[in-house]
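Report on the following structure.
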Amino acid sequence: MNLKSIKIGNIETKNNLFLAPLAGFSNFAMRDICISFGAGLTFTEMVSCKGLLYDNENTKDLLFTGENEKIKCVQIFGNDPSIMRKALESEAMSKFDIADINFGCPMPKIYNNGEGSAILSNPTHARKIVEECTKSGKTITCKMRTGLTKGNFVTEDFAKAVADGGAQMITVHGRTRDKIYAGEPEYEQIAKAKNSVSIPVIANGGIFTKEDAEKMIDKTGADGIMLARGALERPWLFAEILGNQVSINKKSLINEHIDRLLTHYDDKTVAITFRKQLCLYLKGERNSTEFKQKLFTYKDTASIKNAIDEFFS
């Protein structure tokens with residue numbers, strides 16, 4: 001694929017391979033690891049604007065960033081333009097250069113609250129949200145899906161609406177809300193978004209190999225790609241797409257990930273929250289099924305590290 005920097009307003013990235021914001025996974029440690037493998041831009045987990053304004057400690061904790069994040073990007077969600085602007089103007093958000101608005105989350109809890117992908121059905125309201133958030137002084141980007149159900153695409157109209165509102169980049173997850181993460185991405189729809197606006201369009205969905213990345217760019221003409229589940233399973237995928245030689249020792253990487261998390265979280269929190277990520281690291285490993293079941297009984301990182309050492313011995 002054509003590797004290049006991306007201009008997002010007045011901000012320039014080192015390349016066009018980005019890590020998606022992933023609830024429960026893309027914490028500061030995962031972002032740091034992906035940056036070390038070459039990711040050009042990373043985003044926090046999805047942050048509730050209402051939660052931030054109500055001083056929710058769990059929400060604030062999602063905003064922790066690492067030293068390697070030279071361009072700091074937060075992803076927010078909400079549906080009230082004024083609340084979203086206030087959240088972006090809060091002290092907690094002062095360090096962030098880019099605010100990405102989530103218009104794509106398909107999860108019922110978010111959708112049923114009129115947030116995330118629920119806003120896809122109302123491009124006019126999406127434009128108002130972007131316009132108001134832009135007044136905060138942040139560089140605003142948006143992440144969207146192609147529509148709510150297959151065949152009822154809103155890609156072009158929605159992309160135009162948020163671009164007209166002041167968005168400086170759009171990421172298109174090439175699936176409708178009802179597909180969640182299943183099926184082949186709608187390459188044609190991503191291409192339509194790319195051809196309908198003058199700002200950068202990033203393609204997302206179904207990228208697990210270098211070949212997938214090349215196929216995505218070839219079929220869509222997008223300016224770059226955003227890795228999601230593919231990066232969670234294999235963060236070194238960034239290096240592979242960049243053409244960089246890497247030698248991967250999974251046991252060392254797992255221990256490094258745990259140690260990074262321990263610099264900010266207590267041991268029990270790390271042990272419990274890391275188990276989901278560890279299952280992804282172990283995907284495809286021989287004899288891992290029984291181990292994964294046992295994994296969820298461990299409640300401290302020493303036990304996890306000892307088990308990992310035994311598993312890879």
(request) Assess whether atom CD of Glu188 is packed by more than 12 heavy atoms of other residues, nucleotides or ligands within 6.0 Å. (result) no
(message) Salt bridge or not between Glu211 and Lys215? Use side-chain N to carboxylate O under 4.0 Å.
(response) no
(request) Look at atom NZ of Lys194 and say whether more than 12 heavy atoms of other residues, nucleotides or ligands are closer to it than 6.0 Å. (result) yes
(message) Less than 4.0 angstrom from a charged side-chain N to a carboxylate O is my criterion; do Glu240 and Lys210 meet it?
(response) no
(message) Around atom CD of Glu290, are there more than 12 heavy atoms from other residues, nucleotides or ligands closer than 6.0 Å?
(response) no
(message) Is it the case that atom NZ in Lys86 sees more than 12 heavy atoms from other parts of the structure closer than 6.0 Å?
(response) no
(message) Is it the case that over 12 heavy atoms from other parts of the model lie below 6.0 angstrom from the NZ atom of Lys294?
(response) no
(message) Just so I know, are the side chains of Met30 and Asn27 near enough to count as touching, which here means a heavy-atom distance under 4.5 Å?
(response) yes
(message) Classify the ring geometry of Tyr265 against Phe28: parallel below 30°, tilted from 30° to 60°, perpendicular beyond 60°.
(response) tilted
(message) Cation-pi check for Phe312 against Lys250: NZ or CZ below 6.0 Å from the six-membered ring centre and within 45 degrees of the axis, yes or no?
(response) no
(message) Would you say that more than 12 heavy atoms from the other residues, nucleotides or ligands in this model lie under 6.0 Å from the NZ of Lys268, or not?
(response) no
(message) Measuring only between side-chain heavy atoms, which start at C-beta, is Phe96 closer than 4.5 Å to Glu69?
(response) no
(message) Does the Lys NZ or Arg CZ of Arg275 fall within the cation-pi geometry relative to Phe291 - under 6.0 Å from the ring centre and within 45° of the axis?
(response) no
(request) From the options Lys150, Lys192, Arg175, select the one residue that forms a side chain to side chain donor-acceptor pair (under 3.5 Å) with Glu186. (result) Lys150
(request) Kindly say whether Gln75 contributes a backbone atom to a donor-acceptor pair with the side chain of Thr44 at under 3.5 angstrom? (result) yes
(request) Could you tell me whether Asp309 and Lys251 make a salt bridge, using a distance below 4.0 angstrom between a side-chain N and a carboxylate O? (result) yes
(request) Inspect the contact between Arg260 and Glu256 and indicate whether a charged nitrogen and a carboxylate oxygen are less than 4.0 angstrom apart. (result) yes
(message) Once you measure the plane-to-plane angle for His173 and Tyr181, does it fall in the parallel (<30°), tilted (30-60°) or perpendicular (>60°) bin?
(response) parallel
(request) Taking the side chain as every heavy atom from C-beta outward, state whether Ile6 and Leu41 have any pair of such atoms under 4.5 Å apart. (result) no
